[in-house]
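Take a look at the structure set out below.
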Amino acid sequence: MTAAEEERRVQDTVRRHARTRAFAEAEDIVSAVLSDRGVQEARERVEAAETELGLELCARLQSYQDRYDQAVRDGDAPWLTGVCVGKHGRWGRICVLPDGHESSMEEPHWGRNSEGRPIAWVGSAPDDW
């Protein structure tokens, strides 16, 4: 190995180490913030409001959930590609409304949570905490 190659290898190793350490420190900070009682209480209030709104919208938007379920069963890829991209699979949320619904229908994201209950949310990742 040449001196230049050795230098490049060392620099790459140092960069990887620095990146790994930065991610570990960030995870520690995020964990500390998320464990704060005030943050936990705020999250609980947001979840309660999202559940309440989801139930309120259920009668009006249930047909979208039914059509989504049918498209999944039938493997209707063309229809599914027209569904909103507001999917938060990590949290069990998939918006079943048409793409662009936030402006065309003036509705928040709406679907079912991982427990199968109606839920509504605003934004791209409201519960990604």
Side-chain angles (χ1 to χ4, degrees):
M1 181 177 293
T2 68
E5 291 171 332
E6 178 65 15
E7 178 66 23
R8 191 173 22 255
R9 186 188 68 76
V10 168
Q11 288 176 354
D12 289 345
T13 301
V14 168
R15 273 195 294 277
R16 275 194 309 277
H17 176 72
R19 185 174 39 247
T20 300
R21 183 172 175 197
F23 283 131
E25 289 175 7
E27 286 178 12
D28 290 346
I29 292 168
V30 168
S31 293
V33 169
L34 296 181
S35 66
D36 178 78
R37 185 66 198 142
V39 172
Q40 291 175 356
E41 289 171 0
R43 180 179 181 184
E44 290 167 6
R45 288 192 303 272
V46 168
E47 287 177 358
E50 290 173 340
T51 300
E52 182 180 338
L53 182 57
L55 289 169
E56 288 175 14
L57 295 173
C58 190
R60 190 166 72 237
L61 301 177
Q62 181 60 43
S63 62
Y64 291 98
Q65 180 71 54
D66 296 341
R67 180 61 183 101
Y68 176 84
D69 292 343
Q70 178 185 351
V72 170
R73 274 193 310 276
D74 297 347
D76 188 348
W79 188 87
L80 290 169
T81 60
V83 174
C84 175
V85 297
K87 296 164 180 57
H88 305 293
R90 176 178 175 192
W91 301 105
R93 295 179 176 190
I94 298 174
C95 182
V96 298
L97 301 179
D99 193 28
H101 64 86
E102 291 171 294
S103 58
S104 66
M105 296 171 61
E106 296 184 357
E107 296 286 3
H109 295 294
W110 187 86
R112 302 244 175 220
N113 65 15
S114 59
E115 291 86 33
R117 293 188 311 260
I119 193 150
W121 69 98
V122 176
S124 60
D127 61 348
D128 196 7
W129 318 341

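One is the number of the first residue; the rest follow in order along the sequence.
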Shortest non-hydrogen pair, V83 vs C95, comes out as CG1-O, 3.1 Å
Calculate, to the nearest 0.5 Å, the distance between atoms CD and CH2 belonging to E50 and W121 respectively.
8.5 Å
Considering all heavy atoms, the nearest G111-V96 contact:
CA-CG2, 4.2 Å
Sorted by first residue and then second, give each salt bridge (Lys or Arg N to Asp or Glu O under 4.0 Å) pair with at least one member in residues 96-105; sequence neighbours left out.
none
Output a table of donor-acceptor pairs, distance under 3.5 Å, between side-chain atoms of residues 54-63 and any protein atom two or more places apart or on a different chain; print 'none' if there are none.
| residue | atom | partner | partner atom | Å |
| --- | --- | --- | --- | --- |
| R60 | NE | E107 | OE2 | 3.1 |
| R60 | NH2 | E107 | OE1 | 3.1 |
| R60 | NH2 | E107 | OE2 | 2.6 |
| Q62 | OE1 | R112 | NH2 | 2.4 |
| Q62 | NE2 | D66 | OD1 | 2.8 |

Closest approach of W79 and Y64, non-hydrogen atoms and distance?
CH2-O, 4.4 Å
Spatial distance of atom OG1 (T51) from atom CD (E115) [nearest 0.5 Å]
8.5 Å
Measuring from D69:CG to R73:CZ, what's the distance to the nearest 0.5 Å?
6.0 Å
Return a table of donor-acceptor pairs under 3.5 angstrom between the side chains of residues 18-29 and protein atoms on other chains or two or more places apart.
| residue | atom | partner | partner atom | Å |
| --- | --- | --- | --- | --- |
| T20 | OG1 | R16 | O | 2.9 |
| R21 | NE | E25 | OE2 | 3.0 |

Applying the side-chain contact (heavy atoms from CB on, under 4.5 Å) test to M1, which of R8, R9, E7 qualifies?
R9
About how many Å separate NE2 of H109 and CG of L97, when rounded to the nearest 0.5 Å?
9.0 Å
Hey, are R67 and D76 close enough for a salt bridge, meaning a charged N less than 4.0 Å from a carboxylate O?
yes
Pair Q40-R37, side-chain donor/acceptor within less than 3.5 Å
yes
Enclosure of E106 CD (heavy-atom neighbours >12, cutoff 6.0 Å)
no
Contact check, side chains of W110 and H101, non-hydrogen atoms, under 4.5 Å
no
Taking atom CG of N113 and atom CD1 of I94, what is their separation to the nearest 0.5 Å?
11.5 Å
